[in-house]
Every structure is written in structure tokens, then in C-alpha cells.
Asker: 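I'd like to ask some things about the structure below.
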Amino acid sequence: MSLDVRESVPLAPLTTLGVGGPARYFAEAADEAAVVEAFRFAEARGVPLFVLGGGSNLLVADRGVDALVLRVRVRGIELLRGRGEEGGGEASSGEIGGGAEAGRALVRAGAGEAWDDLVARSVAEGWAGVECLSGIPGDVGATPIQNVGAYGQEVAETIVEVRAIDRATGAAVVLSGADCGFGYRDSRFKRAWRGRYVITAVTFALRPGGAAAVRYPELQRALAASAGGAAPPLGEVRSAVIALRRGKSMVLDPADENGRSAGSFFMNPTLAPGAAAGVLARIEAAGVLAPGEAIPRYPADGGRVKLSAAWLIERAGFAKGTRHGAAGISTRHTLALVNRGGATAEELLGLARRVRRGVLDRFGVALSAEPDLVGFAPGEIDDLVGGAHL
């Protein structure tokens with residue numbers, strides 16, 4: 001067997017939070033054949049298979065994970081040539097540059113490629129479409145699952161295809177981006193397709209010479225002085241995004257006291273119009289608004305209203321730097337829960353529950369955890385992952 005399977009491998013060092021127990025079994029897959037071997041190994045031993053990406057959006061239970069944890073290491077970044085919207089074609093040798101078709105550059109990246117490396121390479125080539133997603137840790141293969149987004153962009157805008165292995169058959173399949181059911185931090189991979197596929201590659205349609213997507217107010221303000229009214233270069237947008245993320249401790253940095261986190265721990269809640277009106281009235285009645293202050297709100301899909309989870313958390317009385325044992329809220333961003341050193345998963349969940357309950361009691365909004373919570377028993381985390389989007 002070419003798959004090298006190890007037992008009792010610590011998972012905490014493989015996550016950005018640095019928390020959690022061991023994997024019962026652990027293996028890495030450099031190609032699709034190894035992925036299929038992993039299916040067979042897990043099935044033969046009667047254990048689940050859990051795919052670990054870059055570990056940046058994950059909280060592992062203190063007891064660990066009773067499963068085969070598979071790290072997909074399929075690599076490579078290719079420019080696809082000689083193909084249109086629907087058909088197949090041949091890939092180039094892997095050099096990125098030229099070859100765009102119908103105003104698009106179709107770029108296929110292995111699931112094991114670091115996401116920010118792909119963004120950096122695309123920006124360097126002048127291909128627009130992912131520049132605002134700079135500085136996000138993790139692997140390419142995780143981006144369709146979460147529909148990764150930041151500063152006004154989402155990967156759903158550029159994903160053309162997802163290549164995956166069907167766990168039921170062991171066969172490779174190609175899923176169109178249109179079929180992935182993308183929504184706010186959501187996709188069919190998290191719902192109807194949960195546990196069905198292991199992603200091995202993703203194809204993105206980028207725009208050679210395209211203008212940067214500067215839609216997010218905070219990013220617009222950061223670029224206003226330097227842009228002077230003109231469309232800023234992609235490289236300048238990337239630098240501005242990374243600077244904004246660094247200011248919130250959202251860039252991996254071992255020297256940062258807030259560095260051990262999973263990024264945003266809570267999703268921004270999206271509410272139906274009727275529910276939103278009631279919540280907004282409740283917030284106004286709570287006396288938490290400064291004179292002339294407006295409640296941050298944004299339009300969302302289906303006429304829903306998106307609120308700022310960070311703003312709600314702060315107005316519910318949770319200050320930056322709040323501690324709960326060795327866990328805490330970042331000193332720079334209230335959406336990030338951090339490991340101050342030696343924190344346990346239970347401490348982080350305890351803090352998350354305190355925050356969620358405080359926001360719910362004060363404003364009637366139930367926040368939902370964004371990271372994957374893995375290794376927990378049925379019922380242990382239902383309060384954090386269900387019923388949050390009113």
C-alpha cells in the first residue's frame with residue numbers, strides 16, 4: 001500500500017488554533033490514487049474519513065478525532081488552454097502567462113496548494129478576481145466548501161469547476177461551479193454533498209488586465225488616498241488587504257499574541273426582512289448607539305439583511321481581550337477567539353457560548369460558529385452550529 005498511515009498523530013500542531021487531541025489514523029495523499037486508498041483503508045477499519053486542509057478554519061475536540069484524518073497534498077497550478085465555457089481541453093505545462101480565452105484565464109490549482117500562494121501568483125500576472133482574498137490561510141481545496149470570502153469578494157465569483165473523488169464509487173468527477181450551490185460562507189459541500197466528495201483540484205476563471213473589485217467600504221477607505229480616483233493596481237489592493245488583515249491579527253504570524261486563532265469564529269448573521277426590522281428596533285431600544293451612529297447592515301441574498309457579528313458582540317458587552325481561562329477574544333478583533341497558550345477546546349467553546357448567549361439575550365440574534373467543529377459527540381455543539389440565521 002502506497003498510503004503511509006500513522007496512528008495517534010497530534011492534530012493541534014496542524015491547526016492555526018493549536019488546540020485539540022490526536023487523530024486515530026493520519027495520512028497524506030499526494031494524488032487521487034492515494035485518496036481512493038484512504039477510502040478503502042477507512043472502510044476496512046470501520047472509521048470515518050475526515051479531510052484536513054490547512055487547519056485554519058477548524059477546532060478539534062480535546063479527545064481528538066476517531067477517524068482517518070487525510071491531508072490532501074495534490075499540488076500544481078496550471079493554465080488551461082484550448083477550452084471554452086463547457087468543454088474539456090489540455091493543460092499547459094504549468095507556466096502561468098498568456099493563453100487567456102475569451103477574456104478569461106482559466107487556472108486549475110491542486111487542492112493542496114496554499115491559497116495565498118495562488119492569490120499572489122494571480123496578482124503578479126495581472127489577473128483579477130481573487131485579489132481581495134489575499135492573506136487568507138488554508139488550502140485551495142477548502143475554498144469551495146466554505147465559499148471563502150473577504151472584503152467584498154467570494155471565490156464563488158470565479159470558480160468554474162471543482163474536481164473531486166466520489167467516496168461512494170472512487171471515481172473522479174467534475175462539478176460545475178454553478179452546481180455547487182454557493183451562498184454566504186456556504187455551499188452544497190457543507191449540506192447535501194457533505195461527506196460525499198474529496199476535492200482534489202479547483203478551476204478558477206480570472207480576468208487578465210481586469211480591474212480590482214474594490215467594493216468593501218473599509219477597503220475603499222484604505223485605498224482612497226493612494227488611488228486618487230483611479231482604479232488601483234491589483235498589487236496595491238493585495239497590499240492594502242493584507243495590511244488590514246494584519247491590523248486585525250488575521251494574518252498568520254507566530255509573533256502575534258492573537259495569532260493562534262481560526263480567524264472569524266462567528267459568521268455575520270443574515271436575517272429575513274421582517275426579523276431584521278424587529279432586531280434593528282430592539283438594538284435601537286437597547287441604548288447602545290452613540291449619537292448619530294448607524295447600525296451596520298448590508299444587503300444579502302434573497303432580500304435578507306446581513307448584520308455585523310463583531311459590532312453585535314461589542315455592543316453586547318464583550319470587549320476585545322476578554323478572557324475565559326486560556327482562551328480569549330482577540331485584542332484586535334472581536335470576531336476572533338484565540339488560544340492564549342495552552343487553551344483547550346472546551347475553554348474556547350465555553351467562551352463562544354458566553355458570547356453567543358450574550359448577543360442572543362441582548363439583541364435576539366443567534367450567532368453561528370464559522371469554523372468546522374470536529375471530534376465532538378452528537379449534541380455537544382448543536383447550540384453553536386444550528387438555527388443561527390433567522
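We number each residue from 1, following the sequence as shown.
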Asker: Please test L14 against L11 for side-chain contact (heavy atoms from CB on, under 4.5 Å), starting from the C-alpha separation and ending with a verdict.
Answerer: CA-CA 5 Å; L14 302 180; L11 293 176; 4.2 Å; yes
Asker: Is R163 close to E32 at the side-chain level, that is, under 4.5 Å between some pair of heavy atoms?
Answerer: yes
Asker: Is L58 linked to L349 within one hydrophobic cluster, defined over Ile, Leu, Val, Met, Phe, Trp and Tyr using a side-chain heavy-atom separation of less than 4.5 Å?
Answerer: no
Asker: Could you tell me whether the side chain of V69 reaches within less than 4.5 Å of the side chain of Y25, counting heavy atoms only?
Answerer: no
Asker: Starting at CZ of F265, measure out to CG of L384 and round the result to the nearest 0.5 Å.
Answerer: 6.5 Å
Asker: Regarding D139 and R71, does a basic nitrogen lie under 4.0 Å from an acidic carboxylate oxygen?
Answerer: yes
Asker: Strictly distance-based, threshold 3.5 Å: is any side-chain N or O of R260 a donor or acceptor partner for the main-chain N or O of A343?
Answerer: no
Asker: For M267 and A369, which heavy atoms make the closest approach, and how far apart are they?
Answerer: CE-O, 4.1 Å
Asker: How close do A309 and L335 get, heavy atom to heavy atom, and via which atoms?
Answerer: CB-CD2, 3.6 Å
Asker: Can V72 be reached from V174 by stepping across I, L, V, M, F, W or Y side chains whose heavy atoms are under 4.5 Å apart?
Answerer: no
Asker: If we only count heavy atoms from C-beta on, is the Q146 to E370 side-chain gap below 4.5 Å?
Answerer: yes
Asker: Examine L133 and I199 and state if one hydrophobic cluster contains both, with Ile, Leu, Val, Met, Phe, Trp and Tyr joined whenever side-chain heavy atoms are less than 4.5 Å apart.
Answerer: yes
Asker: Check the orientation of Y216 and Y298. Use parallel for under 30°, tilted for 30 to 60°, and perpendicular for over 60°.
Answerer: parallel
Asker: So, the side chain of T203 versus the backbone of V160: is there a donor-acceptor pair under 3.5 Å, distance only?
Answerer: no
Asker: Output yes when a side-chain donor or acceptor of R356 lies under 3.5 Å from a complementary backbone atom of D383, and no otherwise.
Answerer: yes
Asker: Could you pull out the closest heavy-atom pair between R282 and R362, with the gap in Å?
Answerer: NE-O, 3.2 Å
Asker: Taking the side chain from N147 and the backbone from G183, do they hold a donor-acceptor pair closer than 3.5 Å?
Answerer: yes
Asker: Do side-chain atoms of T270 reach the backbone of K306 as a donor and acceptor pair under 3.5 angstrom?
Answerer: no
Asker: Find the distance between CZ (R40) and CG (L49) and round it off to the nearest 0.5 Å.
Answerer: 13.5 Å
Asker: Check whether S264 reaches the backbone of F266 with its side chain - one donor and one acceptor, N or O, closer than 3.5 Å.
Answerer: no
Asker: Indicate yes or no for a side-chain donor-acceptor contact from R207 to the backbone of A211 under 3.5 Å, with no hydrogens or angles considered.
Answerer: yes
Asker: Check this for me: R357, atom CZ, are more than 12 non-hydrogen atoms of other residues, nucleotides or ligands nearer than 6.0 Å?
Answerer: no
Asker: Please confirm whether the backbone N or O of V214 pairs with a side-chain atom of Q220, one donor and one acceptor, at under 3.5 Å?
Answerer: yes
Asker: With hydrophobic residues grouped by side-chain heavy-atom distances under 4.5 Å, do F50 and L68 end up in a single group?
Answerer: no
Asker: Charged N to carboxylate O below 4.0 Å: is that the case for E218 and K248?
Answerer: yes
Asker: Could you state the interatomic distance from CD (E154) to OG1 (T143), rounded to the nearest 0.5 Å?
Answerer: 11.5 Å
Asker: If every non-hydrogen atom of L252 is compared with every non-hydrogen atom of G259, which pair is closest and at what distance?
Answerer: CD2-O, 4.4 Å
Asker: Got a donor-acceptor contact below 3.5 angstrom from the D62 side chain to the G21 backbone?
Answerer: no
Asker: Between V198 and R167, is any pair of side-chain heavy atoms under 4.5 Å apart?
Answerer: yes
Asker: For the pair D116 and R238, find out whether any cationic side-chain nitrogen is under 4.0 Å from an anionic carboxylate oxygen.
Answerer: yes
Asker: What verdict does the side-chain contact (heavy atoms from CB on, under 4.5 Å) test give for F39 and I165, after you've listed the backbone C-alpha separation in whole Å, the side-chain angles of each residue and the deciding distance to 0.1 Å?
Answerer: CA-CA 10 Å; F39 294 165; I165 304 296; 3.3 Å; yes
Asker: At what distance, to the nearest 0.5 angstrom, does CD1 of I295 lie from CD of E293?
Answerer: 8.5 Å
Asker: Between V140 and F204, is any pair of side-chain heavy atoms under 4.5 Å apart?
Answerer: yes
Asker: What about V155 and V202, same hydrophobic cluster or not, with Ile/Leu/Val/Met/Phe/Trp/Tyr joined at side-chain heavy-atom distances under 4.5 Å?
Answerer: yes
Asker: CG/L106 to CG/L80 distance, rounded to the nearest 0.5 angstrom?
Answerer: 6.0 Å
Asker: Indicate the atoms forming the closest heavy-atom contact of V119 with E131, along with that distance.
Answerer: CG1-CA, 4.4 Å
Asker: With a cut-off of 6.0 Å (strictly less than), are more than 12 heavy atoms of other residues, nucleotides or ligands near CD of E380?
Answerer: yes
Asker: What heavy-atom pair brings M250 and A336 nearest, and what distance separates the two atoms?
Answerer: CE-CB, 3.9 Å
Asker: Closer than 4.0 angstrom, basic N to acidic O: yes or no for R215 and E157?
Answerer: yes
Asker: Please answer whether the main-chain N or O of S187 pairs with a side-chain N or O of W193 as donor and acceptor at a distance below 3.5 Å.
Answerer: no
Asker: Can you tell whether the side chains of R188 and D179 come within less than 4.0 Å, N to carboxylate O?
Answerer: no
Asker: Side chains of D256 and S249: is there a donor and an acceptor less than 3.5 Å apart?
Answerer: yes
Asker: Is it true that E347 and R340 have a side-chain N and a carboxylate O under 4.0 angstrom from each other?
Answerer: no
Asker: Show your reasoning for whether side-chain contact (heavy atoms from CB on, under 4.5 Å) applies to I77 and E113.
Answerer: CA-CA 8 Å; I77 299 175; E113 289 288 337; 4.0 Å; yes
Asker: Any side-chain heavy atom of L17 sitting closer than 4.5 Å to one from P371?
Answerer: no
Asker: Kindly indicate, with the supporting measurements, whether the criterion side-chain contact (heavy atoms from CB on, under 4.5 Å) is fulfilled by Y184 and R304.
Answerer: CA-CA 11 Å; Y184 171 62; R304 297 169 74 87; over 6 Å; no
Asker: Hey, could you give me the CZ/OG1 distance between F318 and T334, rounded to the nearest 0.5 Å?
Answerer: 11.0 Å
